[in-house]
Amino acid sequence: MRTRPAGARRPCFGALAPRGPRPRRVWARLGLLCAAAGCAPPTRLELEPICDPRALAPGEVRVRRLRCSDDRVSGGEGNTGDWILENNKLRAVFREASSALTAHGVGGGTLVDLISVGAASAQVDVVVEVLPQVAGGGWLRGVVLEPLDEGQGWAGLALRGLDAGGAEHHLRWTLDADSDQLRLDPPLPLEVVPWAEDLLLGSTLEVSDELSAGSASLLGVDGVLDVDLGGRVFFKEAATLTAGDRAALAAALGWEVEIDVLSDGEWVWGLDAEGRALARLAVSGDGSAVGLMPPEVVRLIATRSGHANSAIVEIAPGLTLSVGDRGALTLEAREADGSPVSAQIHVEKIDPDGVFSEGRWWAVPGGAALMVGPGTYSGWIDAGPAFEPQRFGPLEVRGPDEVRLSARLLRVGGDEARLATLADLDLRAWPDRSTRRGGTTATADAAAQGVRWLGLSAGDEIAQLSVDSYTRGLLKAQAGSAAEAAAGTVWSWPWGPDAEQAAHGAVDPAALGPLDLLAAVSVDGLRFTMVDTAWVAQAGDPLWWDPVPDAIFVDGLHELPAITRLADLGLPVAVVGPRVWLVGEDERRMGGVDAERAVHERRTVASNGPLLLLQRPSPAPGGPLPQGRWARLRLRCPTTTRVSRVALIGPAGELASWAVNPGRPSLDVSLVLPDVPWVIAIAEGAEATPPMQPEPPWAMSSPLMVR
């Protein structure tokens with residue numbers, strides 16, 4: 001039998017402090033009950049406020065936990081439990097989680113938010129993540145953070161962790177009172193993850209107007225630019241980071257070249273001796289551009305959207321930089337029946353001095369002003385491989401008024417071409433390592449190329465999907481992830497980003513074999529999945545695939561053996577490629593479910609442009625099934641796509657082939673299929689025709705089961 005130690009008070013309910021305020025008489029009654037029972041009276045707990053989002057006064061600096069939503073940086077990715085290091089000018093948020101925000105296999109402790117604060121500040125987060133690079137490259141593992149607050153006018157965070165080889169490293173971030181510079185000790189190379197569409201100039205990253213609402217919000221790094229991959233930017237050894245406007249960065253980075261010029265442009269750019277842009281200044285309403293630029297800047301140029309650039313001049317006192325004439329082109333593209341389409345325009349320009357240049361724009365249905373600048377242009381207008389492109393020019397574009405260009409684009413094969421809809425299932429967008437192109441830009445570009453079903457993906461990350469109001473009515477888009485590993489690449493969607501998990505919640509493929517990787521990203525078959533032929537080669541016997549991928553991605557006819565092997569094993573799969581034709585789907589009525597059903601039923605054609613249809617006849621409504629092994633084989637592509645040959649492939653190899661006139665690539669034949677288990681149709685050509693067809697054309701149908 002247990003006994004209570006002498007002098008111990010008996011526990012009672014009065015020892016539990018109530019959760020909320022009670023009337024005073026209740027507290028008194030609880031005290032009397034406890035006194036009678038021999039237990040201690042309750043004690044009121046005075047808790048420190050968990051949130052303190054106030055702006056700090058001059059001279060203040062502190063390091064603390066992020067405790068509630070009011071402490072979070074607007075638009076940032078810091079979460080409850082992270083660390084805030086701040087003063088009256090700067091706020092930095094460091095990740096407490098055990099993993100980095102945008103990378104797998106490394107620890108937390110990374111910088112995920114950095115903003116300039118104060119009444120006059122735009123308060124825009126200028127960075128997605130900063131990962132210092134320790135000896136041997138890469139960030140640390142097993143990171144431990146400790147706050148530093150010495151009460152001597154500065155505060156900081158100390159970090160320690162292990163590198164890939166197991167060696168321990170120590171570093172710290174510190175911030176002085178009244179300073180707008182975040183210091184790293186010791187100085188290290190940095191991997192910086194920028195926001196979509198950020199502008200990189202020398203050692204600064206300028207947040208796009210879309211995120212900063214037109215305000216100048218920049219990240220300044222005192223290290224030298226090393227490599228720009230697009231979605232990742234690497235700087236050589238750096239000791240400080242600064243967030244703020246151009247004046248703040250100029251002071252922090254020690255810029256000393258004084259600029260005071262007049263211009264009728266929008267921007268004055270500073271160039272180094274090799275012509276690289278290192279900084280820019282906005283031209284104010286009075287026509288002046290005043291400020292500081294890096295010491296490497298020796299020349300200036302002024303620009304204005306839709307105008308010819310000014311001359312490039314050496315820096316000198318009293319400069320006036322005048323931009324040239326205006327040149328705007330309005331493109332209105334329509335189908336033969338008059339319905340508007342989204343289209344793209346490829347322009348070629350030869351300046352009077354013989355300098356050739358080219359570019360590409362896209363226009364929404366109904367027309368849009370394209371600020372191409374003045375000049376004489378020739379080029380192409382097209383709306384993707386479902387339409388014949390239309391040549392234009394030479395066309396003089398100059399003056400205050402827009403030059404109107406109208407185009408009537410003919411569908412290849414007429415309305416019959418509506419029997420298939422174009423898709424793109426691997427369009428890379430931010431935060432993919434290779435690009436800063438955001439979702440809005442990527443989807444609008446795809447719509448202008450005729451894509452109506454889009455898979456937006458990022459490698460080992462989750463694509464951030466955004467679609468503007470013009471594009472939303474033109475295509476269906478899904479945010480996806482591309483898990484890239486030695487076991488091959490596995491695409492999957494839909495995904496939603498989660499800032500509390502590494503790589504925004506994407507699967508870490510490093511330690512997974514092909515089957516485990518597919519199972520991890522598919523979530524028991526709930527997500528659409530696609531694999532490449534490298535995955536197929538390593539995944540073993542298809543009998544043990546669980547789940548089975550929805551589609552196999554090929555990037556050319558050289559990967560045909562991988563598809564025929566699966567067909568021989570009794571596993572015909574949907575084949576997709578850089579472009580995917582969804583056979584039997586009309587873009588005017590197709591939904592996302594219809595598109596996925598076309599893949600599941602193997603009504604797909606992998607291609608880099610040409611449409612190749614291999615179809616069995618369908619029964620008439622209410623009629624009997626067609627007899628025999630009849631099939632129809634059709635090729636449809638623009639005349640600029642030089643297909644020269646179509647062939648039918650079976651288990652034993654090529655069964656039949658047809659020569660095609662490359663100048664008028666078209667084919668329509670009926671044939672009796674041989675008594676084989678399956679057939680695949682292919683089309684190919686040896687000639688590229690840029691810019692419309694930058695690579696030799698090819699197409700591959702999904703296997704058609706004969707018996």
Check your understanding: Going by heavy atoms in the side chains, are Leu422 and Arg579 under 4.5 Å from each other?
Key -> yes
Check your understanding: When you check the gap from the basic side-chain N to the acidic O, do Arg437 and Glu197 get nearer than 4.0 Å?
Key -> no
Review point. So do the side chains of Arg232 and Thr102 get within less than 4.5 Å of each other, counting heavy atoms only?
Key: yes
Exercise for review: Calculate, to the nearest 0.5 Å, the distance between atoms CZ and CG belonging to Arg246 and Leu218 respectively.
Suggested key: 5.5 Å
Review point. Quick check: does any side chain N or O of Asp82 sit under 3.5 Å from a backbone N or O of Asn79, one acting as donor and the other as acceptor?
Key: yes
Point to revise | Leu200 side chain reached by Glu206 side chain, heavy atoms, under 4.5 Å | key: no
Check your understanding: What's the spacing between Leu425 CG and Leu456 CG if we round to 0.5 Å?
Key -> 11.5 Å
Point to revise | Closest approach of Leu201 to Ala277 (non-hydrogen atoms, all atoms of both residues) | key: CD2-O, 3.7 Å
**Study point:** Minimum heavy-atom distance between Ala363 and Ser342, given as atom pair plus value
**Key:** O-OG, 3.2 Å
Practice item. Could you tell me whether a side-chain N or O of Gln133 sits under 3.5 Å from a main-chain N or O of Gly138, the two making a donor and an acceptor? Key: yes
Exercise for review: Report yes or no: does Trp361 contribute a side-chain atom to a donor-acceptor pair with the main-chain N or O of Val347 at less than 3.5 Å?
Suggested key: no
Point to revise | Nearest atoms (heavy-atom pairs only) where Leu188 meets Pro132 | key: CD1-CB, 4.0 Å
Point to revise | Atom pair CD (Glu314) and CG (Leu319), whose distance is rounded to the nearest 0.5 Å | key: 10.0 Å
Review point. Roughly how far, to the nearest 0.5 Å, is the CG atom of Asp226 from the CZ atom of Phe234?
Key: 8.5 Å
Study note, to complete from the structure: Paired with Val193, the side-chain contact (heavy atoms from CB on, under 4.5 Å) test is passed by just one of Val128, Thr110, Val233, namely Val128
Review point. Val298 versus Leu271: any side-chain heavy-atom pair under 4.5 Å?
Key: no
Review point. Counting only N and O atoms by type, is there a donor-acceptor contact under 3.5 Å from the side chain of Asn87 to the main-chain atoms of Ser179?
Key: yes
**Study point:** Side-chain donor-acceptor contact under 3.5 Å, Thr303 with Asn309
**Key:** no
Practice item. Could you tell me whether Arg95 and Glu129 make a salt bridge, using a distance below 4.0 angstrom between a side-chain N and a carboxylate O? Key: no
**Study point:** Thr443 vs Leu465 side-chain heavy atoms within contact, under 4.5 Å
**Key:** yes
Check your understanding: Is the backbone of Ala243 close enough, under 3.5 Å, to the side chain of Lys89 for a donor and an acceptor to pair up by distance?
Key -> no
Check your understanding: Applying the side-chain contact (heavy atoms from CB on, under 4.5 Å) test to Ile115, which of Val124, Val126, Val93, Asp125 qualifies?
Key -> Asp125
Review point. Is the shortest heavy-atom distance from the side chain of Glu461 to the side chain of Asp432 under 4.5 Å?
Key: no
Check your understanding: Could you go step by step and tell me if Asp178 and Asn88 meet the side-chain contact (heavy atoms from CB on, under 4.5 Å) rule?
Key -> CA-CA 6 Å; Asp178 304 323; Asn88 64 317; 3.2 Å; yes
Check your understanding: With the threshold set at 4.0 Å, does a side-chain nitrogen-carboxylate oxygen contact exist between Asp113 and Arg91?
Key -> no
Review point. Ion pair present between Asp272 and Arg299, side-chain N to carboxylate O less than 4.0 angstrom?
Key: no
Check your understanding: Cationic tip of Arg436 within the cone over Trp430's six-membered ring, i.e. under 6.0 Å and within 45° of the normal?
Key -> no
Practice item. Considering only NZ, NE, NH1 and NH2 on the basic side and carboxylate oxygens on the acidic side, decide whether Arg183 and Asp176 come within less than 4.0 Å. Key: yes
Review point. Out of curiosity, Ile312 CD1 to Ile301 CD1, how far, rounded to the nearest 0.5 Å?
Key: 4.5 Å
Review point. Can you check side-chain contact (heavy atoms from CB on, under 4.5 Å) on Leu182 and Leu111, steps first, answer last?
Key: CA-CA 11 Å; Leu182 182 66; Leu111 176 65; 4.0 Å; yes
Study note, to complete from the structure: Closest non-hydrogen contact found for Val283 with Ser263 is CG1-O, 3.6 Å
Point to revise | Donor-acceptor contact below 3.5 Å, side chain Glu86 vs main chain Val61 | key: no
Practice item. Could you tell me whether a side-chain N or O of Ser322 sits under 3.5 Å from a main-chain N or O of Asp264, the two making a donor and an acceptor? Key: no
Study note, to complete from the structure: For Leu281 and Met293 the tightest heavy-atom approach is CG-CE, 3.8 Å
**Study point:** Heavy-atom neighbours of Glu695 CD exceed 12 at 6.0 Å
**Key:** no
Review point. Would you call the rings of Trp173 and Phe94 parallel, tilted or perpendicular if under 30° counts as parallel and over 60° as perpendicular?
Key: tilted
Point to revise | Backbone N/O of Ala302 and side chain of Ser310: donor-acceptor pair under 3.5 Å | key: yes
Check your understanding: Under the side-chain contact (heavy atoms from CB on, under 4.5 Å) criterion, do Leu219 and Thr204 qualify, and how do the steps go?
Key -> CA-CA 5 Å; Leu219 169 71; Thr204 66; over 6 Å; no
Check your understanding: Do the charged groups of Arg72 and Glu77 touch, with an N to O distance under 4.0 Å?
Key -> no
Check your understanding: If you round to the nearest 0.5 Å, how far is CG of Asp382 from CZ of Arg360?
Key -> 9.0 Å
Review point. So Asp180 and Thr242, side chain to side chain donor-acceptor pair (under 3.5 Å) or not? Walk me through it.
Key: CA-CA 6 Å; Asp180 54 10; Thr242 305; 5.0 Å; no
Point to revise | Beyond-backbone contact of Ser457 with Arg428, side-chain heavy atoms, under 4.5 angstrom | key: yes
Review point. Looking at side-chain heavy atoms only, is the closest gap between Thr330 and Leu405 below 4.5 Å?
Key: no
Check your understanding: Is a side-chain N or O of Tyr377 found less than 3.5 angstrom from the main chain of His346, in a donor-acceptor match?
Key -> no
Check your understanding: So, does Asp460 use its side chain to make a donor-acceptor pair with the main chain of Ala103 at under 3.5 Å?
Key -> no
**Study point:** Atom of Ala383, atom of Val341 and distance for their closest heavy-atom approach
**Key:** CB-CG2, 4.4 Å
Review point. Should Asp325 and His307 be marked as a side-chain contact (heavy atoms from CB on, under 4.5 Å) after you check the CA-CA gap, both sets of side-chain angles, and the distance that decides it?
Key: CA-CA 5 Å; Asp325 293 338; His307 289 253; 5.9 Å; no
Point to revise | Other residues, nucleotides, ligands: >12 heavy atoms within 6.0 Å of Tyr470 OH | key: no
